[in-house]
Every structure is written in C-alpha cells, then in structure tokens.
Amino acid sequence: MIRTYSAGEVMIDQQRIYERAREIGKQITREFKGEEVLLVGILKGAILWLSDIIKHIDLDVYIDFMSVSSYGASTKSSGVVKIIKDLDVPIEDKNVIIVEDIVDSGITLAYLKKYLQGRGPKCLKICTLLDKPAGRRTEIEVDYIGFTIEDKFIVGYGLDYNQKYRNLPYISYLKSSDQ
Ligand code: IMP
Ligand code: MG
C-alpha cells in the first residue's frame, strides 16, 4: 500500500501564537530598552513568526534574512548545514536576534550561532517559534521560545513538508495514511 501524508489536527491555533508573540515582543522591548535590534529571519520557515514578533517590538528594529539548507525532502536532519543566502548587512556591534521556526536537533542553530558570533555582534540571541527538545543532538541555548512541543514532525505556520503546508494558519503535524 502507498503511504500518503496530510496535515493533522490543530495543535496550536493562530490566536495562541499571536499572544505568545506579543509576550516575547514585549520582553525583547524591555530587555533592549533604548537600543536597536536586528532580527535575522531564517528562510523560509520563520517568516510568519517573525512578522508576528516584530509588530510587538517597540524599538528601532531592523530585519535581514539568511537561508540555510537543512533537510531536503526528508523529515530527518542530514546534520550538514550549508549557507545558501548570507546577511546583506554587517552585524558588528549590533544586537542580533536570530528568528527561527523550530529547534530540533539544534545543529542548524549551533552552526549559525558560531558563524555569526565570528562577526563580533554586541549580543546574539535566538528566538524560536517551536522547540522540540526530544530531537536534540547538540547543546544549544535558546533565549526566547514560543512553545515547547512533543516529538512530532510539525507543519503549518511557516513549517513545511516538501515545501507544502507553510500556509496553514495554525501549527499542526504530519499525519501518514497508516496512522
Ligand atoms: P535542526 O538543525 O535539526 O534543529 O533543524 C532545523 C531546521 O529543520 C528547522 O529550521 C526546520 O526548517 C527543519 N525542521 C526541524 N524539525 C522540523 C519539523 O518538525 N517540521 C518541519 N521542519 C522541521
Ligand atoms: Mg528552518
């Protein structure tokens, strides 16, 4: 029998995501009072989350993006990180917050953190929509976490499976036809 996939039920709805983004946006505003921050969105999964967060940061805030390769067409990490698109602006002496969709193995962010740290930012933090601690293969400190989730392959709200389901306005998981 051929196994097919679809998105499962709603795990976290849009309202909860937006409220959490507001809390984190306010926290960032407090912590960086009187300073500027640069949000570095990791394409493509983080764009919906970044757009929620930024609306709640009441500071001079800038945006840039990076694109890194991770999974290809699989649900398991290859463990290899490749930079597809680098930053457009220098980050020396800047307050940088990497905005990511999900921390799973932690390999992507551990690599990115080290890579960007080498450019001498004033401070470098990580803000993720989701944290999946069960998948962790390397230690990584995450500063702002939207939601901690169980060990499922997540889709929706920017997260994809084979580039699909990014448009779901809620967080769901990948369900196989034999489940
Ligand atoms: P990590 O390097 O294993 O932490 O994974 C980082 C990247 O893998 C994330 O930015 C996602 O793009 C992708 N990823 C990890 N887990 C999931 C998932 O459950 N659903 C969709 N993408 C995922
Ligand atoms: Mg990603």
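Atoms within a ligand are numbered from 1 in the order they appear, just like the ligands themselves. For this chain, numbers begin at 1 and follow the sequence in order.
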Engineer: Give a yes/no on ligand 1: does Lys152 have at least one heavy atom closer than 4.0 angstrom to it?
Structural biologist: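 So Lys152 counts as touching ligand 1.
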
Engineer: Where does Lys132 meet ligand 1, judged by heavy-atom distances below 4.0 Å: at the side chain, the backbone, both, or neither?
Structural biologist: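 Side chain only.
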
Engineer: What is the minimum heavy-atom distance between Glu141 and Lys113, and which atoms define it?
Structural biologist: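 Smallest interatomic distance, heavy atoms only, reads O-NZ, 3.8 Å.
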
Engineer: Is it the side chain, the backbone, both or neither of Leu159 that has a heavy atom closer than 4.0 Å to ligand 1?
Structural biologist: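 The side chain, only.
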
Engineer: Not counting sequence neighbours, list each pair that qualifies as a side chain to side chain donor-acceptor pair (under 3.5 Å) and has a residue in residues 117-130.
Structural biologist: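 Pairs touching residues 117-130 that pass the test: Glu35-Lys122, Asp86-Arg119, Tyr115-Arg119.
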
Engineer: Are there over 12 heavy-atom neighbours, none belonging to Lys164, within less than 6.0 Å of that residue's NZ?
Structural biologist: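 For Lys164, atom NZ is not crowded (no more than 12 foreign heavy atoms under 6.0 Å).
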
Engineer: Whether the side chain of Arg20 engages the backbone of Ile145 through a donor-acceptor N/O pair (distance < 3.5 Å, no angle test) should be reported.
Structural biologist: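 Flag set: sc Arg20 to bb Ile145 pair under 3.5 Å.
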
Engineer: Counting both backbone and side chain atoms, is some N or O of Ile154 under 3.5 Å from an N or O of ligand 1?
Structural biologist: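 Yes, there is a polar N/O contact under 3.5 Å.
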
Engineer: So, are Glu19 and Arg22 salt-bridged, with charged N and O less than 4.0 Å apart?
Structural biologist: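 So Glu19 does not pair with Arg22 through a salt bridge.
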
Engineer: Quick one: does Asp160 get a heavy atom under 4.0 Å from ligand 1?
Structural biologist: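 Asp160: in contact with ligand 1 (<4.0 Å).
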
Engineer: Distance check, rounded to the nearest 0.5 Å: Leu87 atom CG versus Met66 atom CE?
Structural biologist: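 Nearest 0.5 Å value for the CG-CE distance: 5.0 Å.
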
Engineer: Tell me the nearest of Ser105, Ala110, Gly156 to atom 1 (P) of ligand 1, using heavy-atom distances.
Structural biologist: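 Selected option, by shortest heavy-atom distance: Ser105.
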
Engineer: Identify all side-chain donor-acceptor contacts of residues 54-64 below 3.5 Å with residues at least two apart in sequence or on another chain.
Structural biologist:
| from | atom 1 | to | atom 2 | distance (Å) |
| --- | --- | --- | --- | --- |
| Asp64 | OD2 | Asp88 | N | 2.7 |
| Asp64 | OD2 | Val89 | N | 3.2 |

Engineer: Between the candidates Asp104, Thr128, Thr108, Val155, which shows the shortest non-hydrogen contact distance to atom 16 (N) of ligand 1?
Structural biologist: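 Heavy atom nearest to atom 16 (N) of ligand 1 belongs to Asp104.
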
Engineer: Going by the atom numbers of ligand 1, which of them fall below 4.0 Å from some non-hydrogen atom of Glu100?
Structural biologist: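 Going through ligand 1 atom by atom, the ones under 4.0 Å from Glu100 are 10 (O).
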
Engineer: Give the atoms of ligand 1, by number and element, whose distance to some non-hydrogen atom of Gly106 is under 4.0 Å.
Structural biologist: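 In order of number, 1 (P), 3 (O), 4 (O).
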
